[in-house]
K.L.:
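Below are the C-alpha cells for one structure; questions will follow.
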Amino acid sequence: MERLGLVGLPNSGKSSLFNALTGGSALVAAHPFSTTETSVGVAQVDDHRLDALAEMSKSRKVVHATVEMVDIAGLVAGSASGEGLGNRFLAGIRDADAICLVLRAFGDDNVVGGTDPLEDLGVLELELVLADLATVESQTDKRRRAAKADKSLLGEVEALEAALASLQAGFPIYRSKLDAETRARLRPFFLLTNKPVLAVVNLGEDQVADPDAVVKPVVDELAGAGDVLGVSVKLEAEMAELDPSERAELLEGLGLGEGALARVARAAYHLLGRRTFLTTGDKESRAWTFRAGAKAPECAGVIHSDLQRGFIRAEVIRWDELLALGSWQAAKDVGKLRVEGKDYEVVDGDVLEIRFNV
C-alpha cells in the first residue's frame with residue numbers, strides 16, 4: 001500500500017490529524033518533538049457512492065477503501081543539516097509516496113509555535129529543497145562521470161541538471177517547470193520535492209466559518225502545485241470520537257457537510273494515484289482500489305488473481321446509472337450493462353461484474 005507522509009513543524013497539529021484520520025494513538029503534547037518515532041495507520045476513505053449502493057442492495061457488509069498514513073517526526077529550521085530530529089525526519093519522508101504539509105494557522109497561548117501558515121510552508125519547503133540539493137549535487141557528479149562510458153545515462157544527467165537549477169533557485173521540484181518525463185527520470189533518486197503534495201491548513205475553531213481568508217494565501221503561493229484544504233484539526237478530532245449519528249448531526253448543525261476528515265482522506269487517496277471501482281450485492285458492497293489508468297483485467301486481479309488470469313469480460317455500469325435503475329437485474333433487463341474487454345480502461349466510479357474462466 002502506498003503511503004502519505006504527514007509533515008509539519010512542531011505543534012502544527014499533524015499528530016492530532018493522524019489520530020483523527022486513523023483512530024491512532026500518536027502522542028500529542030504542547031511541547032516540541034512529542035513525535036519522535038514514525039507512526040503508521042490506515043484511514044478509511046468514506047464514499048457516498050458506496051453507501052448509496054449498499055443501501056440499494058441491502059448489503060449485509062460494506063467495505064470502504066483505505067489509505068495508509070504516516071506521522072513523521074517533526075521538522076525545524078536546520079533539519080536538512082541535522083538539527084532537531086532532522087535525520088529521522090528525512091528518512092521518514094523518503095519512504096512516503098506523497099506528502100501532506102500540515103501548516104498551523106490556529107492561535108493558542110498554551111501551545112508553542114507561530115500561526116502563519118505561509119511561514120510554516122516556507123520553512124518546510126526550504127528544508128526539503130536543501131536536502132534535495134545535497135542529493136542532486138552528489139548524484140549529478142556521479143552520473144556525469146558514468147555517462148562518459150555509458151551514453152544511456154545522458155537522460156538522467158539532463159534531468160539532474162534541470163533539477164539542480166530549480167533547487168538552486170529555491171524551487172521545490174513539485175513547483176518547478178520540469179515536465180513529467182524529466183520528473184519520471186528523477187524518481188530513482190527519491191527526491192523529497194519530487195513527490196505529489198497536499199497542504200492542510202490547520203484552522204482555529206474561530207476560523208472555520210470563513211476559512212478562505214486563511215487558506216487563500218497558501219493556495220496562491222502553491223499556484224496549482226498542490227491541493228490545499230482548510231481543516232480545524234482539533235474540532236475534527238473531537239467529532240471523530242463521537243458516535244457516527246451524533247457526528248453527522250453536529251457536522252450538519254455547524255454547516256460543515258460531511259466534515260473535513262473525509263475530504264482529506266479522499267484527497268490523499270487521489271494524490272497517491274488511487275481510484276475506486278465498486279461491486280455491490282446483498283452479501284457485500286465494496287470499494288476496490290486500483291491505480292489510475294488500469295485496464296479491466298488488472299482491476300479484476302485486485303479482487304482475486306484468478307479473475308485476472310481467466311478474465312473474459314467485464315460488465316460495467318456507472319454507479320449513478322445503477323442507482324437510478326434500482327438493481328443490477330433491472331440494469332440488465334433494460335440493456336444498460338456495457339460489455340467491456342481486456343483493453344477497457346476502468347473509470348473511477350464504475351461498478352463491475354467480472355466474467356472469467358480458469
K.L.:
Go through the steps for E125 and R175 under the test salt bridge (charged side-chain N to carboxylate O under 4.0 Å, His left out), then give the verdict.
P.N.:
CA-CA 10 Å; E125 288 194 329; R175 282 224 250 166; 2.4 Å; yes
K.L.:
Quick one: does any side-chain atom of R104 pair with a main-chain N or O of D120 as donor and acceptor, under 3.5 Å?
P.N.:
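Not confirmed, R104 side chain does not pair with D120 backbone.
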K.L.:
Take a 6.0 Å sphere around CD of E55 and say whether it holds more than 12 heavy atoms from other residues, nucleotides or ligands.
P.N.:
no
K.L.:
Verify the neighbour count for atom CZ of F171: are there more than 12 heavy atoms of other residues, nucleotides or ligands below 6.0 Å?
P.N.:
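Not more than 12 within 6.0 Å, no.
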K.L.:
Around atom CD of E241, are there more than 12 heavy atoms from other residues, nucleotides or ligands closer than 6.0 Å?
P.N.:
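Counting other residues, nucleotides and ligands, CD of E241 stays at 12 neighbours or fewer.
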K.L.:
Any salt bridge between R49 and D348, counting N to O under 4.0 Å?
P.N.:
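Salt bridge present between R49 and D348.
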K.L.:
Does R275 qualify as a cation-pi partner of F277, given the criterion of NZ or CZ under 6.0 Å from the six-membered ring centre and within 45 degrees of its axis?
P.N.:
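No, cation not above the ring by the 6.0 Å, 45° rule.
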K.L.:
Going by distance alone, is a donor N or O of one side chain under 3.5 Å from an acceptor N or O of the other, for S16 and N19?
P.N.:
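Absent: no donor and acceptor within the cut-off.
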K.L.:
Do the side chain of Q207 and the main chain of G204 share a donor and acceptor less than 3.5 angstrom apart?
P.N.:
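Judged by distance alone, yes, a pair lies under 3.5 Å.
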K.L.:
What distance separates L203 CG from T115 OG1, expressed to the nearest 0.5 Å?
P.N.:
12.0 Å
K.L.:
Do W328 and T280 have a side chain donor and acceptor closer than 3.5 Å?
P.N.:
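Result is no, nothing qualifies.
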K.L.:
How many angstroms lie between CG in L271 and NZ in K195, if you round to the nearest 0.5 Å?
P.N.:
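Reported to 0.5 Å precision, the distance equals 11.5 Å.
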K.L.:
Drop me the distance from H48's NE2 to W319's CH2, to the nearest 0.5 angstrom.
P.N.:
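Answer for the NE2-CH2 pair, H48 versus W319, is 4.0 Å.
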K.L.:
Ignoring hydrogens and geometry, is there a side-chain-to-backbone donor-acceptor pair from S57 to D282 under 3.5 Å?
P.N.:
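Such a contact is absent between S57 side chain and D282 backbone.
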K.L.:
Is there a donor-acceptor contact under 3.5 Å from the side chain of K336 to the main chain of E321?
P.N.:
no
K.L.:
Any donor-acceptor pair under 3.5 Å linking the side-chain atoms of D47 with those of Y269?
P.N.:
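There is no such pair between these side chains.
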K.L.:
To the nearest 0.5 Å, what is the distance between CD1 on I93 and CG on L191?
P.N.:
11.5 Å
